[in-house]
Amino acid sequence: MKNLRVSKIFFEGEVPFGKLREFRAALSSHVRDRVLFHHHLDDNRFVYRYPLIQYKQVKGQVTMLCLEHGIEDFVHFLDHQPEEVNLNGYKLPLKIARVQMRYHPLRIEADKRYTYRLSRWVGLNRNNHDDYHAATDDAARFRLLERMLTGNILSFAKGVQWGVEQPIQVEIHNIERTKKRYYKKQAYHTFDLIFSSNVFLPHYIGLGRHASVGFGVVSAYKLAENGTLGMDSLHSWQEEE
């Protein structure tokens, strides 16, 4: 088990999901010496690792999630915090509404399952995109997505230096919707889904690609009173944004 340091910083005001990338860039411009804020070594070199500072919408409120050393970098940011940020012409006063800090006990429990909602998850990459669309039934697609999600959880564990010593189990119960979303002018097939796992995950962490800017957000999910979930077709609700 690992006690993970987690801090959530809630700002006053709302930022549309599509502007989270601009919000990240605006904050990062004030602490260019802190790589965890932006993952840029310079204009041409990047750091590819799990993000310890993430930007999200939580009930419409723009929120930063800082993990481990990302917390120290946020404290450094407070010394350079501007009164407002400019999001391509939209000026947002930068006022902190509240801060939550806690330790989250990361653990794997063989005989227990935790149920989560995963939102805006980029579950496919170039290597498995064709396999997903070539699958002949939903069960095969679920298995492929479960493998990807397991890999994302392992990447998270590595990023926070948690040595996983037991098998990770993941089961997708329900695909609530799929949606084409755009990031940096590139289209991604995203999923909103319900899954369970034997891993006790922190609330609001990001999994998968672009987790730093609001994709792949994990939140706790309460089962129905009878403890069941309906199984929808993967293609029951598809949208394009």
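Scope of the values below: all heavy atoms of this structure, side chains included, with no hydrogens, waters or symmetry mates. Heads up: numbering here begins at 1 and tracks the sequence.
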Sidechain-backbone polar pair: [X] side chain, [Y] backbone, donor-acceptor under 3.5 Å:
X: Tyr50; Y: Gly206; answer: yes
X: His189; Y: Thr178; answer: no
X: His80; Y: Ser29; answer: no
X: Asp138; Y: Arg141; answer: no
X: Arg49; Y: Gly159; answer: yes
X: Asn198; Y: Arg113; answer: no
X: Gln54; Y: Ile205; answer: no
X: Thr115; Y: Tyr221; answer: no

Run the side chain to side chain contact (heavy atoms under 4.5 Å, CB included) test on Lys184 and Arg21 for me, step by step, so that the C-alpha distance in whole Å, both residues' side-chain angles and the decisive distance to 0.1 Å come before the verdict. CA-CA 9 Å; Lys184 294 184 178 180; Arg21 180 190 170 201; 3.3 Å; yes
Output side-chain donor-acceptor pairs under 3.5 Å for residues 81-88, partner residues at least two apart or in another chain, one line each.
residue : atom : partner : partner atom : Å
Gln81   : NE2  : Leu94   : O            : 3.0
Asn86   : OD1  : Asn88   : N            : 3.4
Asn86   : OD1  : Gly89   : N            : 2.7
Asn88   : ND2  : Glu22   : OE2          : 3.3

Answer whether the closest heavy-atom distance between the side chains of Tyr116 and Leu207 falls below 4.5 Å. no
Just so I know, are the side chains of Leu201 and Tyr114 near enough to count as touching, which here means a heavy-atom distance under 4.5 Å?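 Leu201 vs Tyr114: side chains apart.
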Between [atom1] on residue [X] and [atom2] on residue [Y], distance to nearest 0.5 Å:
X: Leu145; Y: Ile172; atom1: CG; atom2: CD1; value: 4.5 Å
X: Leu144; Y: Asn128; atom1: CG; atom2: CG; value: 5.0 Å
X: Ser219; Y: Arg117; atom1: OG; atom2: CZ; value: 6.0 Å
X: His210; Y: Thr190; atom1: NE2; atom2: OG1; value: 11.0 Å
X: Lys2; Y: Trp162; atom1: NZ; atom2: CH2; value: 10.5 Å
X: Ser197; Y: Gln169; atom1: OG; atom2: CD; value: 8.0 Å

Hey, mind stepping through Leu149 and Leu118 against side chain to side chain contact (heavy atoms under 4.5 Å, CB included) and telling me if it holds? CA-CA 10 Å; Leu149 185 49; Leu118 183 60; 3.8 Å; yes
Check step by step if ring pair (Phe, Tyr, Trp, His ring centres under 6.0 Å) holds for Tyr55 and Phe17. CA-CA 10 Å; Tyr55 306 79; Phe17 175 76; over 10 Å; no
For [X] and [Y], which heavy atoms make the closest approach, and how far apart are they?
X: Val164; Y: Ala157; result: CG2-CB, 3.6 Å
X: Phe200; Y: Leu106; result: O-CD2, 3.7 Å
X: Glu12; Y: Ala97; result: CG-CB, 3.8 Å
X: Leu4; Y: Pro202; result: CD2-CG, 3.8 Å
X: Arg120; Y: Gly214; result: CD-O, 4.0 Å
X: Ala211; Y: Lys56; result: O-NZ, 3.7 Å

Heavy-atom count around Glu109 CD within 6.0 Å, excluding the residue itself: above 12? yes
Near Tyr103 OH, under 6.0 Å, is it more than 12 heavy atoms from other residues, nucleotides or ligands?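 No.
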If Ile, Leu, Val, Met, Phe, Trp and Tyr residues are connected whenever their side-chain heavy atoms lie under 4.5 Å apart, and connections chain through other members, are [X] and [Y] in the same group?
X: Tyr183; Y: Val217; value: no
X: Val75; Y: Phe77; value: no
X: Ile53; Y: Leu78; value: yes
X: Leu27; Y: Tyr90; value: yes

Check the pair Phe10, Gln100 against side chain to side chain contact (heavy atoms under 4.5 Å, CB included), reporting the backbone distance first and the verdict last. CA-CA 8 Å; Phe10 300 87; Gln100 294 179 351; 3.8 Å; yes
Take Val213 and Phe23 through the test side chain to side chain contact (heavy atoms under 4.5 Å, CB included) and record every step on the way to the result. CA-CA 9 Å; Val213 286; Phe23 184 78; over 6 Å; no
side-chain hydrogen bond (donor to acceptor under 3.5 Å, both in side chains) with Tyr204: which residues, sequence neighbours excluded?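 Counting only residues at least two positions away or on another chain, Tyr204 forms no side-chain hydrogen bond (donor to acceptor under 3.5 Å, both in side chains).
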Distance-only criterion, 3.5 Å: show the donor-acceptor pairs between side-chain atoms of residues 57-71 and protein atoms not counting sequence neighbours.
residue : atom : partner : partner atom : Å
Gln57   : NE2  : Val15   : O            : 2.7
Gln61   : NE2  : Phe11   : O            : 3.0
Thr63   : OG1  : Gln61   : O            : 3.1
Glu68   : OE2  : Arg5    : N            : 2.8

Can you label the angle between the Phe191 ring and the Trp121 ring as parallel, tilted or perpendicular, going by 30° and 60°?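 Aromatic pair Phe191/Trp121 classed tilted.
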